[in-house]
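This is the structure, below, for whatever I ask next.
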Amino acid sequence: MTRAKRDFGTIRKRANGRYQAYYMGPDQGFHRAPSTFQTKSDAEGWLAAERRLIQNDEWSPAKSRRAKVRRATEAFGPYAEAWLAQREIKQRTRALYRRQLDRFILPAFAEMSLRDITPPVVRTWYTSIDPTRPTQRAHVYSLLRAILNEAVRDDILAKNPCTIRSAGIAKRQRPIDPASPEEIVTLMNEMPDRYWAFVIIAAWCGLRFGELAELRRGDIDVKTGLIHVRRAVTWDHSTPVVGTPKNGQQRSVSMPPHIVDVVSAHLDRFVERPSDALLFPAVGDSTRQIHSNTVRRHWIKAREAAGRPHMRIHDLRHTGAVLAALAGATPKETMDRLGHLSAEAAMRYQHVARGRDAEIAAKLSELAGY
DNA sequence: CGCTGGACAAGGCACCTATA
DNA sequence: TATAGGTGCCTTGTCCAGCG
């Protein structure tokens with residue numbers, strides 16, 4: 001029986017002619033190869049591989065690695081179900097993930113073992129998802145990546161096979177294209193007069209639809225020109241739900257002086273006296289908030305007339321943000337006005353405004369005859 | 001019968017926080 | 001500063017009921 005001592009590990013020839021290898025691990029424990037080897041060089045190869053793991057700091061006791069291999073053959077389906085069940089997320093997000101799993105992810109991967117989900121497999125799957133729905137595609141990809149990231153953290157996978165660059169980022173489809181002051185006037189005039197103030201407040205003060213729909217007489221201070229945005233309405237099926245504005249940010253927005261008259265006339269003509277009377281109530285029920293589809297129906301006609309057939313109601317808010325920036329508001333001031341929490345959101349409008357400013361400067365030069 | 005307000009589901013965009 | 005992981009809300013398309 002020979003026993004060759006080496007600089008890493010030991011190889012021992014057994015009586016039956018096979019070779020056995022073992023070494024002392026970083027954990028100071030004794031680790032033997034799971035089986036003996038036919039040749040000495042096979043044993044050496046095993047030792048070299050173990051040593052590389054230690055050097056790369058990827059080593060773990062062989063026993064637990066075997067457990068890992070077993071778990072890696074676990075099917076994706078059950079793993080994903082457990083992942084979703086254990087996640088602490090909002091009901092709404094859970095429902096979203098459920099749909100995405102059922103429609104896009106499980107049909108492709110449910111039966112596969114985690115180990116068999118390789119980057120090429122993911123790539124092939126990714127290209128099979130409708131690219132004309134980029135937001136959905138990015139979201140679904142993100143979800144798969146998040147689940148497999150958990151498998152990495154669980155030490156089931158060494159690396160996440162979702163390696164497509166930027167695939168999880170949903171780019172905005174349309175550039176921010178605010179309405180000009182002239183277009184705002186046209187849009188307003190093309191709407192029924194009970195919505196004039198709606199358009200003008202959205203465009204010049206940048207309120208969200210849900211904030212406008214929940215505005216009440218008491219929120220408007222004609223004297224100081226302030227609109228207090230304290231609440232917003234959302235819809236749970238057919239029931240209006242009143243809460244704080246998105247991000248929980250209450251704020252007060254100054255009306256530009258030129259719109260105060262329109263707003264004040266609106267209060268006189270269309271709003272009931274009590275301070276909790278809605279500015280834009282549902283038709284036929286003054287206690288109920290207007291439904292977005294009701295405004296939209298008129299909006300679609302108005303935007304055609306204004307030559308902006310693709311403009312959405314929410315784009316009026318963008319308009320408000322860009323106009324503020326154009327008027328010289330700093331990013332911080334724009335944030336406060338719009339109720340943003342992050343500077344990035346405000347900066348987007350600042351950029352658009354800078355582009356506009358350059359346009360205006362160019363027009364001025366034209367006027368001057370250059 | 002066309003118009004209007006409204007319900008509803010699904011998709012998309014806006015915007016956030018944490019973290020590397 | 002970029003990316004990942006979440007969450008909220010708006011838009012779109014379609015269908016339906018009530019009404020003049």
Side-chain angles (χ1 to χ4, degrees), chain A residues 83-84 87-100 102-104 129-150 152-153 160 162-177 192 194-195 202 206-214 231-249 280-286 288-301 303 309-318 320-321 334-335 338-349:
Chain A
W83 178 88
L84 185 61
R87 202 117 287 240
E88 286 180 19
I89 46 177
K90 294 276 176 67
Q91 165 60 32
R92 195 197 134 77
T93 305
R94 186 179 303 282
L96 175 69
Y97 287 0
R98 179 77 262 168
R99 277 203 307 277
Q100 292 179 332
D102 290 344
R103 284 191 50 197
F104 297 101
I129 300 175
D130 184 0
T132 65
R133 302 214 177 291
T135 304
Q136 177 175 273
R137 200 184 197 203
H139 260 142
V140 167
Y141 178 83
S142 289
L143 178 57
L144 177 66
R145 183 182 53 201
I147 295 170
L148 293 175
N149 267 341
E150 189 76 4
V152 173
R153 278 191 288 275
N160 193 325
C162 294
T163 54
I164 307 170
R165 271 199 73 195
S166 305
I169 296 170
K171 284 211 192 61
R172 102 179 1 263
Q173 295 297 293
R174 258 178 299 210
I176 296 169
D177 188 8
R194 65 181 187 279
Y195 297 130
L207 269 62
R208 300 179 177 93
F209 179 87
E211 294 166 347
L212 282 158
E214 179 47 33
R231 300 167 313 282
V233 64
T234 57
W235 295 83
D236 179 15
H237 294 101
S238 57
T239 324
V241 181
V242 176
T244 54
K246 187 173 178 175
N247 313 329
Q249 293 298 103
F280 309 104
V283 177
D285 180 355
S286 65
R288 202 177 160 83
Q289 293 86 348
I290 190 87
H291 194 279
S292 71
N293 280 4
T294 306
V295 179
R296 198 169 102 85
R297 212 164 285 272
H298 300 291
W299 175 253
I300 287 171
K301 285 182 201 157
R303 68 185 187 182
H310 302 297
M311 189 167 182
R312 304 162 310 157
I313 290 173
H314 196 74
D315 293 331
L316 287 174
R317 174 169 157 83
H318 293 163
T334 307
M335 279 170 69
L338 277 285
H340 284 142
L341 287 179
S342 75
E344 283 87 45
M347 280 312 290
R348 283 205 295 272
Y349 303 117

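On a predicted model such as this, the values are computed, not experimentally measured, just so you know. All chains are named by letter (A, B, ...) in the order of the sequence lines, taking the proteins before the strands, and each is independently numbered beginning at 1.
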What is the separation between atom CZ on R208(A) and atom P on dC13(B), rounded to the nearest whole Å?
17 Å

Checking the side chain of R231(A) only, and the main-chain atoms of E211(A) only, is there a donor and an acceptor separated by less than 3.5 Å?
no

Contacts of R145(A) that satisfy side-chain contact (heavy atoms from CB on, under 4.5 Å) - sequence neighbours left out
Y141(A), S142(A), N149(A), N160(A), C162(A)

State which of dT11(C), dA4(C), dG6(B) makes the closest approach to the side chain of R145(A).
dA4(C)

Between F209(A) and I290(A), is the side chain to side chain contact (heavy atoms under 4.5 Å, CB included) condition met? List the steps.
CA-CA 10 Å; F209(A) 179 87; I290(A) 190 87; 4.1 Å; yes

If you restrict it to nitrogen or oxygen atoms, what contacts under 3.5 Å exist between nucleotides 13-20 of chain C and the protein, and what is each distance?
unit_1: dG13(C); atom_1: O6; unit_2: N293(A); atom_2: ND2; d: 3.2

Rounded distance (Å) that lies between atom P of dT3(C) and atom OH of Y141(A)
13 Å

Taking only side-chain nitrogens and oxygens of R288(A), does any of them come within less than 4.0 Å of OP1 or OP2 of dA7(B)?
yes

Side-chain contact, heavy-atom cut-off 4.5 Å: R312(A) with H318(A)?
yes

Could you give me the CA-CA distance, side-chain angles and deciding distance for N293(A) and W299(A), then say whether side chain to side chain contact (heavy atoms under 4.5 Å, CB included) is met?
CA-CA 9 Å; N293(A) 280 4; W299(A) 175 253; over 6 Å; no

Taking only side-chain nitrogens and oxygens of H139(A), does any of them come within less than 4.0 Å of OP1 or OP2 of dG12(B)?
no

Give one of base, sugar-phosphate or nothing for L143(A), where a contact means two heavy atoms less than 4.0 Å apart.
nothing

Check whether any side-chain heavy atom of L316(A) lies under 4.5 Å from a side-chain heavy atom of M311(A), and answer yes or no.
yes

Give the rounded distance in Å between these two atoms: CZ of F280(A) and C1' of dG5(B).
18 Å

Separation of dG12(B) atom C1' from Q100(A) atom CD, nearest Å, is 12 Å

Suppose we call two aromatic rings close when their centres sit under 6.0 Å apart. Are H298(A) and Y195(A) close by that rule?
yes

May I ask you to evaluate whether K301(A) reaches the phosphate of dC3(B), defined as a side-chain N or O under 4.0 Å from OP1 or OP2?
no

In whole angstrom, what separates M311(A)'s CE from dT11(C)'s C1'?
14 Å

Can you tell me if the side-chain N/O atoms of R317(A) get under 4.0 Å from OP1 or OP2 in dC15(B)?
yes

Expressed as a whole number of angstroms, how long is the span from F104(A):CZ to dG12(B):P?
9 Å

OP1 or OP2 of dG6(B) versus the side-chain N and O atoms of T294(A): is any pair under 4.0 Å?
yes

Rounded to the nearest Å, what distance is computed from the CZ atom of residue R194(A) to the P atom of nucleotide dT4(B)?
10 Å

Rounded to whole Å, CG of N149(A) lies from C1' of dG5(C) at a distance of 10 Å

